[in-house]
A.B. asks: 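I'd like to ask some things about the structure below.
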Amino acid sequence: MERILIIGAAGQLGSELTFTLSQQYGGDNIIASDLNPKALEKFEYCKTAVLDIMDQDAVRKLIKDQNVKQIYHLAAVLSATGEKNPRFAWQLNMDSLLFVLELAMEFKMDKIYWPSSIAVFGPNTPKINTPQFCVKEPNTVYGISKQAGERWCEYYFQKFGVDVRSLRYPGLIGYKSLPGGGTTDYAVDIYHKAIAGEHFDCFLSADTALPMMYMPDAIKATLDLMHAPKENVKIRSSYNLAAISFTPEEIYQCIKTHHPDFTISYSPDFRQAIADSWPDSIDDTRAREDWGWKHDYDLKKMTADILRNLPAYLVNF
Ligand code: NAD
Ligand code: SER
């Protein structure tokens, strides 16, 4: 039996990706691992393991014992949290990726997935329809670690044949778990406030446009990329990926059509500078051409879906 290990499974992305992987491969073949034992309790449908990706002996043992042949490495410190402790963010984000790439060689893994981000782009990057290949120069530790990570992925593919695949996600918006310290996370929090009937004070300015994506689209893109024939995956750093771009004012107006009494104010903090250094919108032509990427959700459709489904999930938070 060949198994798939998800590292950082209990987070915003992992919680939903693990569910879909379990449906596709069967829960017995999926191991959801995370540092946080309490958060693993939600995975009743697959195997679980409390695991620190930095504990190399424990990770090696699990891979050997469980015959792991694919890894989805999701554990990371995100953009806003990273700025509070840059050296720790660099160490976790970078050392863990290099370790996973080494494990892929050591255990002759079939495939590795590692997410990158729009945070690889910086203030000198073209802001509108940001191309796949262009100036990057990220200025957050998170962005620097993702850009370096992309270079390592391509290096391990070219030099050692490691089949590692990656996407530059935009801000991800899901309702099934709480976000973990990102600059785009206001777009998750805003729905919680609207449903609670509370005022929302946004940490970005009203007109800050950012690329975003609803979680079902992110899961679809991830699995489409991972299932694509090897020869179709022509970019081995990381693919640009896009769905929607909007400002805080635009998402607020959209929610207001469902909750007319909802109110918002704007108090930009240190995260404004991070958002200002990122693109407004992304050109993802290569993903669409190479492996047929197509998104399903726009702002209106995503908002209706979240407002319909979030209340039932709130009991879990
Ligand atoms: P998250 O913070 O919600 O989840 C990360 C998970 O990793 C948490 O459950 C945490 O407990 C776990 N973790 C932290 N340190 C660990 C360690 N040492 N060992 C094992 N587990 C550890 O993050 P997310 O939003 O789910 O993001 C997942 C990945 O996707 C990250 O690599 C992130 O950079 C990338 N990404 C996310 C977004 C987004 O908008 N959420 C956008 C672009 C890229
Ligand atoms: N959405 C993430 C963040 O804001 C970017 O990867 O940190």
Side-chain angles (χ1 to χ4, degrees), residues 5-18 31-43 48-56 58-59 62 71-85 88-89 91-97 99-100 112-121 138 140-147 149-150 153 166-174 176-189 203-204 208 210-215 217-219 221-222 238-243 270-275 277-279 282:
L5 173 65
I6 302 144
I7 298 166
Q12 207 196 355
L13 173 65
S15 299
E16 301 201 36
L17 187 59
T18 303
I31 307 164
S33 77
D34 204 283
L35 199 56
N36 180 349
K38 184 91 183 93
L40 285 172
E41 286 171 11
K42 64 183 154 195
F43 299 111
T48 58
V50 179
L51 196 70
D52 180 350
I53 181 59
M54 304 306 269
D55 182 348
Q56 299 202 354
V59 178
L62 184 126
I71 295 179
Y72 287 71
H73 173 30
L74 311 180
V77 177
L78 272 69
S79 61
T81 311
E83 292 309 291
K84 293 178 183 157
N85 194 345
F88 174 72
Q91 198 181 9
L92 176 66
N93 294 4
M94 215 65 269
D95 290 357
S96 66
L97 172 61
F99 176 47
V100 167
I112 303 292
Y113 181 75
W114 171 80
S116 185
S117 161
I118 54 162
V120 295
F121 301 115
T140 60
V141 66
Y142 175 72
I144 297 168
S145 72
K146 289 295 184 187
Q147 192 192 8
E150 288 189 6
C153 288
S166 178
L167 297 170
R168 290 175 185 150
Y169 292 127
L172 302 181
I173 304 170
K176 296 187 180 169
S177 53
L178 291 172
T183 302
T184 55
D185 290 344
Y186 86 85
V188 178
D189 200 24
F203 59 73
L204 298 182
T208 307
L210 284 170
M212 299 280 190
M213 180 174 284
Y214 192 31
M215 196 60 87
D217 272 337
I219 303 301
T222 307
S238 190
Y239 276 94
N240 272 10
L241 188 72
F270 74 100
R271 290 167 280 196
Q272 184 65 48
I274 299 177
S277 76
W278 291 349
I282 299 285

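Order of listing sets the numbers, starting from 1, for every ligand and every atom in it.
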A.B. asks: Give me the nearest non-hydrogen protein atom to atom 5 (C) of ligand 2 as residue plus atom name, then the distance to 0.1 Å.
C.D. replies: S117 OG, 3.3 Å
A.B. asks: In terms of residue, atom name and distance, what is the protein heavy atom nearest to atom 4 (O) of ligand 2?
C.D. replies: T183 N, 2.6 Å
A.B. asks: Rounded to the nearest 0.5 Å, how far apart are CG of L51 and CD1 of I31?
C.D. replies: 9.5 Å
A.B. asks: Under a 3.5 Å threshold, I'd like every N/O contact between ligand 1 and protein atoms, with atom names and distance.
C.D. replies:
| residue | atom | partner | partner atom | Å |
| --- | --- | --- | --- | --- |
| ligand 1 | 3 (O) | Q12 | N | 2.9 |
| ligand 1 | 9 (O) | G11 | N | 3.1 |
| ligand 1 | 9 (O) | D34 | OD1 | 3.4 |
| ligand 1 | 9 (O) | D34 | OD2 | 2.7 |
| ligand 1 | 11 (O) | D34 | OD1 | 2.6 |
| ligand 1 | 18 (N) | D52 | OD1 | 2.9 |
| ligand 1 | 19 (N) | I53 | N | 3.0 |
| ligand 1 | 21 (N) | L35 | N | 3.4 |
| ligand 1 | 26 (O) | Q12 | N | 3.1 |
| ligand 1 | 26 (O) | L13 | N | 2.8 |
| ligand 1 | 32 (O) | L74 | O | 3.1 |
| ligand 1 | 32 (O) | K146 | NZ | 3.0 |
| ligand 1 | 34 (O) | Y142 | OH | 2.5 |
| ligand 1 | 34 (O) | K146 | NZ | 3.0 |
| ligand 1 | 40 (O) | L172 | N | 2.8 |
| ligand 1 | 41 (N) | Q12 | OE1 | 3.3 |

A.B. asks: Which residue supplies the protein heavy atom nearest to atom 2 (C) of ligand 2, what is that atom called, and how far is it?
C.D. replies: T184 OG1, 3.9 Å
A.B. asks: Any side-chain heavy-atom pair from V188 and L178 closer than 4.5 angstrom?
C.D. replies: no
A.B. asks: Counting only heavy atoms closer than 4.0 Å, does ligand 2 sit against the backbone of S79, its side chain, both, or neither?
C.D. replies: both
A.B. asks: Checking contacts here: is it the side chain or the backbone of Y142 that comes within 4.0 Å of ligand 2, counting heavy atoms only? Could be both or neither.
C.D. replies: side chain
A.B. asks: Over 60° means perpendicular and under 30° means parallel, so tell me whether Y113 and Y72 are parallel, tilted or perpendicular.
C.D. replies: tilted
A.B. asks: Can you tell me how far the OG1 atom of T184 sits from the CE atom of M212, to the nearest 0.5 Å?
C.D. replies: 5.0 Å
A.B. asks: Below 4.0 angstrom, N of the basic side chain to O of the carboxylate: do E150 and R168 qualify?
C.D. replies: yes
A.B. asks: Which bit of W278 is near ligand 2, meaning a heavy atom under 4.0 Å away: side chain, backbone, both or neither?
C.D. replies: side chain
A.B. asks: Do the side chain of T18 and the main chain of G14 share a donor and acceptor less than 3.5 angstrom apart?
C.D. replies: yes
A.B. asks: So, taking the atom named CG in L78 and the one named OH in Y142, what distance separates them when rounded to the nearest 0.5 Å?
C.D. replies: 4.5 Å
A.B. asks: I'd like to know if the side chain of K146 reaches the main chain of I118, judged simply by a donor and an acceptor atom lying under 3.5 Å from each other, with no hydrogens or angles considered.
C.D. replies: no
A.B. asks: Counting only heavy atoms not in F270, do more than 12 sit closer than 6.0 Å to its CZ atom?
C.D. replies: yes
